[in-house]
There are 2 protein chains.
Amino acid sequence: MINLEDIREDLREGIRQLAGSMQMNGAGRHDPVREIFAMLGDKWSTLILLVLELGTWRHTDLRRILIRLSETERISQRMMTLKLRGLEREGLVERKTTADIPPKVSYCLTDMGQNLMGEVHGLLNWVERHRVPIQQARMLFDDGEEL
Amino acid sequence: MINLEDIREDLREGIRQLAGSMQMNGAGRHDPVREIFAMLGDKWSTLILLVLELGTWRHTDLRRILIRLSETERISQRMMTLKLRGLEREGLVERKTTADIPPKVSYCLTDMGQNLMGEVHGLLNWVERHRVPIQQARMLFDDGEEL
DNA sequence: CGGTATCCTAAAAGATACTG
DNA sequence: CAGTATCTTTTAGGATACCG
């Protein structure tokens, strides 16, 4: 069960599946799976999605809300634009501008973005449900480290 | 619908929920939600989880499989240990050592880790299902940028 | 063998000033 | 107002050498 031959035998199928779904090869970092996972894992994108799930927001108001939500950390103008652009590029967020001068810019989820939120909430709820055991595991681990 | 007063009215509930689930305040970066999301979004953790989902692996074999899966990128010893430690700390992975000299080290998912994989696959499948529209959105976006 | 320590590069994120 | 450009700081990740 330990040498490479067995690995080849047992995992030929598994490896194909995994390589297919994570797509580490070929397309590299531009594969949708990697991008979406990285996006959800970065510092602001998921929070932005959660706020946009509540409605359509003007740029300024969205920023105000984000700053309000995270009392300790303050999203920078640059990150705000950068992350919104990223989400827009993947087709999760729609950016709308009026013809006013200066133009008013607002953001909302696309249907696909809305749809993604189902999965996000699934994960969010999972973590909530396991908050206690996770924190216990951490304490156990950290205690063992100190010895 | 635009000034801060309205935001306060409409979102008082929403804000509490969001702040509660993302926990940007107080506990800071040590909140389970942030940690788990960041973990799944990093370069190796999810792939490690997927491989461990297939069974228990010796350290060396696990590394061999990871390198095999990602032909272009090669996980370093350091990241291997670091990411496994992180997953172990959250209680998702279990590390077992024998009393041999040198000791043999193997890793597998915990029950909680196994359980998390349900959500991970949900997200994975979502991306697979939306691979085409995502790539279309990207092309559309990138075309607009060039003008 | 499995892990640690050290050093280095690359990428993420923040601060600030500027522009139509 | 919304975005861009530039610069700096911080963090993720990699290369390598060494240790029990």
Side-chain angles (χ1 to χ4, degrees), chain A residues 2-4 24 28-30 34-35 37-48 56-67 70 72-89 93-107 141 144-145, chain B residues 2-4 24 28-30 34-35 37-48 56-67 70 72-89 93-107 141 144-145:
Chain A
I2 283 169
N3 71 49
L4 193 57
M24 310 285 289
R29 64 154 40 89
H30 296 305
R34 290 283 299 275
E35 292 286 318
F37 272 65
M39 204 159 246
L40 296 179
D42 77 23
K43 198 168 179 180
W44 295 107
S45 296
T46 299
L47 192 62
I48 292 174
T56 299
W57 298 103
R58 290 281 316 277
H59 181 107
T60 325
D61 298 326
L62 177 56
R63 181 133 189 261
R64 210 173 298 169
I65 295 171
L66 290 172
I67 289 172
S70 56
T72 51
E73 322 202 46
R74 188 186 170 83
I75 190 169
S76 63
Q77 273 247 2
R78 184 170 163 273
M79 276 303 130
M80 177 86 174
T81 303
L82 220 64
K83 292 307 171 184
L84 281 167
R85 284 286 174 286
L87 293 166
E88 193 191 352
R89 179 168 188 269
V93 160
E94 189 185 348
R95 175 175 172 275
K96 282 177 285 198
T97 55
T98 65
D100 300 328
I101 306 260
K104 300 188 188 308
V105 182
S106 57
Y107 299 90
F141 184 88
E145 292 291 280
Chain B
I2 282 169
N3 72 50
L4 194 57
M24 310 284 290
R29 65 152 41 87
H30 296 303
R34 289 284 298 274
E35 291 286 318
F37 272 66
M39 201 160 249
L40 295 179
D42 77 21
K43 197 169 178 179
W44 295 108
S45 296
T46 299
L47 192 61
I48 291 175
T56 300
W57 299 104
R58 289 281 315 278
H59 181 108
T60 326
D61 298 327
L62 177 56
R63 182 133 190 260
R64 211 174 297 170
I65 295 170
L66 290 172
I67 289 172
S70 57
T72 51
E73 321 203 47
R74 189 187 169 82
I75 191 170
S76 64
Q77 272 245 3
R78 184 169 163 271
M79 276 303 130
M80 178 87 176
T81 302
L82 221 66
K83 293 307 171 185
L84 281 166
R85 283 285 175 286
L87 293 166
E88 193 191 352
R89 179 166 188 270
V93 160
E94 188 187 348
R95 174 174 173 276
K96 282 176 286 198
T97 55
T98 65
D100 300 328
I101 307 253
K104 300 188 188 308
V105 183
S106 57
Y107 299 90
F141 184 89
E145 292 293 278

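Because only heavy atoms are used, hydrogens play no part in the values below, and waters and symmetry mates are left out as well, while side chains stay in. Residue numbers start from 1 in every chain, and the chains themselves are labelled A, B, ... in the order their sequence lines are given, proteins ahead of strands.
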Inset, instruction - May I ask you to evaluate whether B:R58 reaches the phosphate of C:dG2, defined as a side-chain N or O under 4.0 Å from OP1 or OP2? - result: yes
Inset, instruction - Find the distance between CH2 (A:W57) and CG (A:L66) and round it off to the nearest 0.5 Å. - result: 10.5 Å
Inset, instruction - Grab the CZ-P distance between B:R63 and C:dG2 for me, whole Å please. - result: 11 Å
Side-chain donor-acceptor pairs of residues 75-83 of chain B under 3.5 Å, sequence neighbours excluded:
residue, atom, partner, partner atom, Å
B:S76, OG, B:M79, N, 3.2
B:T81, OG1, B:Q77, O, 3.3
B:K83, NZ, B:D42, OD2, 3.0

Inset, instruction - State, to the nearest 10°, the angle formed by the axis through the first five base pairs of the helix from C:dC1-D:dG20 to C:dG20-D:dC1 and the axis through its last five. - result: 40°
Inset, instruction - To the nearest Å, give me how far apart CZ (B:F37) and C1' (D:dA12) are. - result: 20 Å
Inset, instruction - Return yes if some donor-acceptor pair links the side-chain N/O of A:T98 with the main-chain N/O of A:K104 below 3.5 Å, else return no. - result: yes
Inset, instruction - Check A:F37 against B:L40 and note the closest heavy-atom contact, atom names and distance. - result: CD2-O, 3.4 Å
Legend entry - Close side-chain approach of A:K96 and A:Y107, heavy atoms under 4.5 Å: no
Inset, instruction - Tell me whether the OP1 or OP2 atom of C:dC1 has a side-chain N or O from B:R64 closer than 4.0 Å. - result: no
Legend entry - Close side-chain approach of B:L84 to B:R95, heavy-atom, < 4.5 Å: no
Inset, instruction - Kindly point out which of C:dC1, D:dG3, C:dG3 is positioned nearest to the side chain of B:T60? - result: C:dC1
Legend entry - B:R58/B:D61 salt bridge by N-O under 4.0 Å criterion: no
Legend entry - Enclosure of B:R85 CZ (heavy-atom neighbours >12, cutoff 6.0 Å): yes
Legend entry - Sugar-phosphate or base contact per nucleotide [nucleotides 12-20 of chain C; S, B, -; heavy atom under 4.0 Å]: -BBB-----
